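One structure below.
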Amino acid sequence: MITNLTVTRLNEPRNNGIVGFATATFDKTFTVNSISIRQNQMDGNLYVRMPQRRTQNGTYIDVCHPLSAETRNELNRLVLDCFNKNQKSYTTLEEQFSTNRQGVSVSAQNCVKYNTAETQSNVLGRMDLVVGDMVIHNAKLYANANGEPQLSLPSYKDSKGDYHGIVIPTDKSAFQELRNVAINEYNTEYKYLECTPKEIKALKDNSNLHIKTKELNNGNIAIKFNAKDVAKINNIIQKANAVNNSITR
């Protein structure tokens, strides 16, 4: 849910088609700057682009974006609606939107851990943070001067070498929640196992398990799960196979 939105028109369009910028706050948890409003040079239609970063292979990916088409369409609608107010700067009234953070889900995924000795850096790892229906890519954990893990959210460096936040927590409590989730993900050990479709069904029937799946070329499925659940995973699979074997005899 968007809990605040500011849209600013440029006096003159830029060469790359940018006609304005937006700043949006999501679920009273974090704010995204540098959302651009652009005009298609072919048909003149306006569209919204989330802030992007350039990858090592030269392609561009969104720094933060909605996970569902519904949320993306709603964001586009609200931004363009504000832009079309024909005011230099337009800020929505926060009372028009949801202001309750209760029930907002915050999680982390796709953690990549670094060996600081090999990288000669204090960056411990990077991951994606998911808040409600929004995902923040490339959030980083680094070790501060005391060796404690700290969270760094996406930013950009200007021509003077100064850094500016692209994704900014709304307050200290929101930052602490994001930091704690990131640290917990970094400290979680995961295991991987190849399973048959029948084994996967048995695992999914157990609602207490949190697993991620990926289909393999051989028809089986690879699962990713918390290492602390290994005994429970093996027990469910053994029972499922015992039942299947007794049926086929």
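Since the model is a prediction, treat every value here as computed from it, not as a measurement. We use all heavy atoms of the structure for the numbers below, so side chains are in, but hydrogens, waters and symmetry mates are not.
With sequence neighbours left out, Y114 forms a side chain to side chain donor-acceptor pair (under 3.5 Å) with R126.
Residues D133 and F26 fail the side-chain proximity criterion, which asks for heavy atoms closer than 4.5 Å. Side-chain contact between V135 and H65 is present, with heavy atoms from C-beta onward closer than 4.5 Å. Using a 4.5 Å heavy-atom threshold, the side chains of H210 and D229 count as separate.
Nearest heavy atom pair, residue P149 against residue I183, reads CG-CD1, 3.7 Å. The minimum heavy-atom distance between N226 and T188, with the atom names listed, is ND2-CG2, 3.5 Å. Minimum interatomic distance between L153 and V167 (heavy atoms only, all atoms of both residues): CB-O, 3.5 Å.
The one candidate from T25, N4, T3 that meets the side-chain hydrogen bond (donor to acceptor under 3.5 Å, both in side chains) condition with T31 is T25.
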Quiz: residues 43-50 side-chain donor-acceptor pairs under 3.5 angstrom, not counting sequence neighbours:
from: D43; atom 1: OD1; to: N45; atom 2: N; distance (Å): 2.9
from: D43; atom 1: OD2; to: N45; atom 2: ND2; distance (Å): 3.2

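Atom CG of L141 and atom CG of L124 lie 6.0 Å apart (nearest 0.5 Å).
With hydrogens and angles left out, the side-chain atoms of K88 and N11 include a donor and acceptor closer than 3.5 Å.
No more than 12 heavy atoms of other residues, nucleotides or ligands sit less than 6.0 Å from atom NZ of K201.
In terms of hydrophobic clustering, with Ile, Leu, Val, Met, Phe, Trp and Tyr side chains grouped at heavy-atom distances under 4.5 Å, L129 and V104 are assigned to a common cluster.
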